Protein chains: 2
Amino acid sequence: MAEIPAEPQSGRGRTRIQKAKRQAILEAALDVFSQDGFRGATLDRIATAAGLSKPNLLYYFPSKEAIYAELLTGLLSTWLDPLRAIDPEGEPLDEMLAYVRRKLDLSRDFPRESRLFANEILRGAPNLGDLLSGDLRALVDQTAAVLRGWIAEGRLAPVDPKHTIFSIWALTQHYADFDVQICAVLGGDDPFDGAATHLETVFTRLLAPR
Amino acid sequence: MAEIPAEPQSGRGRTRIQKAKRQAILEAALDVFSQDGFRGATLDRIATAAGLSKPNLLYYFPSKEAIYAELLTGLLSTWLDPLRAIDPEGEPLDEMLAYVRRKLDLSRDFPRESRLFANEILRGAPNLGDLLSGDLRALVDQTAAVLRGWIAEGRLAPVDPKHTIFSIWALTQHYADFDVQICAVLGGDDPFDGAATHLETVFTRLLAPR
DNA sequence: CGTGTCTTTGACCGATTGGTCAAATGAATG
DNA sequence: CATTCATTTGACCAATCGGTCAAAGACACG
């Protein structure tokens, strides 16, 4: 009666084990995609990294693009949450410094996600373009308006709001995306301790009203 | 007598035409590599982009890696020149702002080179690792010492010198590497005008002695 | 035990990968 | 014109690519 053959990924994975295996695949795929990008990644390497055979991997996901897409969509919301968490009613400088902190924590705790995102953008964002000029743009516009209000009230030093947001993105993500370069220059130390205090200095001097 | 079969790339390309074709190949390769990284790029796409057949391309370059390597080595020197151009005898803030300017100009004029570099770093810098922990590290150490001296003299606000250099890299390269995202958020305007004045504000407030 | 479902895999497919090679062109020089 | 060298190309190669499929294995439940 049921024409649907197997489709463990339809609806939601029933078994917890299925969910776990799908998660393992996504984990492995994140490793591979974040290093070599979509085109550079191969199903064989993802399957091997996940401890599966290639046909078995394709039993849980219909295609390479499906894995990539699921990684990307799952990523963007997480990536923008810290921006949404800025409280227009809060103390401006504190809010901004807290945002920087959260964003830097993301770079420290999820560097592969950051690199995956960077790879997608470097390719021209073929799978993310709509979201960028849609949701993201709207969210930035909205946040920029908050910043402008704070500046008008004299509670934040005058800056270009959007470029300031870009600066936060650039400075925090840099520690995830260019981690190899930074470690090569700095040596063995953990870069993130120094980064946290440095970024606090940067944005305090940039944003604190005089 | 001469066992060397053809090797147009040995020594230096004799004919100007050879040089031109090699250059055209490097140009096309820069397009492809900077978008999809080393693994994601294909010789066919490079050859097509250069207006050559694949065997003809391999007549001028021995392998895919050779093209990539030549691009990378040619890049790194150009990429670090602005850093070397910092004059320890100059006015500290002016020197730093000028460095930011030069670096931002590089992002504007050579975005593909910036993206190529970013792609290589994202992969873990397998072809650049030695240079990073060698020449680059030495150059950064040296520049950091200059900054420390300026800070000690009170001619520059106290900052972490190396993280400050990282910040300059992050903020300037961001406008090349994430250009798609920035344009999606900003709309049609040229981001670099706003970027230049914004970055001047950032580093003036960060570095100007009080 | 048997039976039906879920999972895994080896074999395989056509297309594409980086790269080779011999032969066919082109151009220059005697 | 003949010769020589530089250039280009079509055919081809083994390996790998993303993906399919039928059959085997694992597992539940009666």
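Below, each value reflects all heavy atoms present in this structure, side chains not excepted, and no hydrogens, waters or symmetry copies. Remember, it's a predicted structure, so these values are computed and weren't measured experimentally. Below, chains carry the letters A, B, ... as their sequence lines are ordered, and counting in each starts from 1.
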> Closest to the B:Ser53 side chain: D:dT9, C:dA11, D:dT7?
Replying inline: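 Closest nucleotide to the B:Ser53 side chain: D:dT9.
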>> Side chain of B:Lys64, heavy atoms from C-beta onward: which of C:dC21, C:dG19, D:dG18 has the nearest atom to it?
In response: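 Closest nucleotide to the B:Lys64 side chain: C:dG19.
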> Hey, can you pull the residues of residues 32-47 of chain B with a non-hydrogen atom under 4.0 angstrom from DNA chain C?
Replying inline: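 Of all residues in residues 32-47 of chain B, the ones placing a heavy atom under 4.0 Å from DNA chain C are B:Ala41, B:Thr42, B:Leu43, B:Asp44.
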What is the distance from [atom1] of [X] to [atom2] of [N], rounded to the nearest Å?
X: A:Ile67; N: D:dG18; atom1: CD1; atom2: C1'; result: 11 Å
X: B:Tyr59; N: C:dA23; atom1: OH; atom2: P; result: 18 Å
X: B:Ile25; N: C:dG19; atom1: CD1; atom2: P; result: 13 Å
X: A:Leu57; N: D:dT20; atom1: CG; atom2: C1'; result: 14 Å
X: B:Leu58; N: C:dT17; atom1: CG; atom2: P; result: 13 Å
X: A:Lys54; N: D:dC17; atom1: NZ; atom2: C1'; result: 7 Å

> With a 4.0 Å cut-off, would you call A:Asp105 and A:Arg102 a salt bridge?
Replying inline: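 Salt bridge: no.
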>> In terms of relative ring orientation, are A:Phe166 and A:His163 parallel, tilted or perpendicular, with 30° and 60° separating the classes?
In response: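 Ring orientation of A:Phe166 relative to A:His163: perpendicular.
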>> Can you classify the ring geometry of A:Phe33 versus A:Tyr68 as parallel (below 30°), tilted (30 to 60°) or perpendicular (above 60°)?
In response: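 Plane angle over 60°, so perpendicular.
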> Think B:Asn56 has a side-chain N or O under 4.0 angstrom from the OP1 or OP2 of D:dT7?
Replying inline: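 Result: no.
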>> Tell me whether the side-chain N/O atoms of B:Gln18 come closer than 4.0 Å to OP1 or OP2 in D:dT7.
In response: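 Result: yes.
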> Of B:Pro55 and A:Lys21, whose nearest nucleotide on DNA chain C comes first from the 5' end?
Replying inline: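 Upstream on the strand: A:Lys21.
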> Checking salt bridge (charged side-chain N to carboxylate O under 4.0 Å, His left out) against B:Glu27, which of B:Lys21, B:Arg22, B:Arg112 comes through?
Replying inline: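 Option passing the salt bridge (charged side-chain N to carboxylate O under 4.0 Å, His left out) with B:Glu27: B:Arg112.
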> Okay, side chain of A:Thr78, backbone of A:Gly74: is any donor-acceptor separation there less than 3.5 Å?
Replying inline: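 Answer holds: yes.
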>> Whether the side chain of A:Lys162 engages the backbone of B:Ile182 through a donor-acceptor N/O pair (distance < 3.5 Å, no angle test) should be reported.
In response: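 Not a single qualifying donor-acceptor pair exists.
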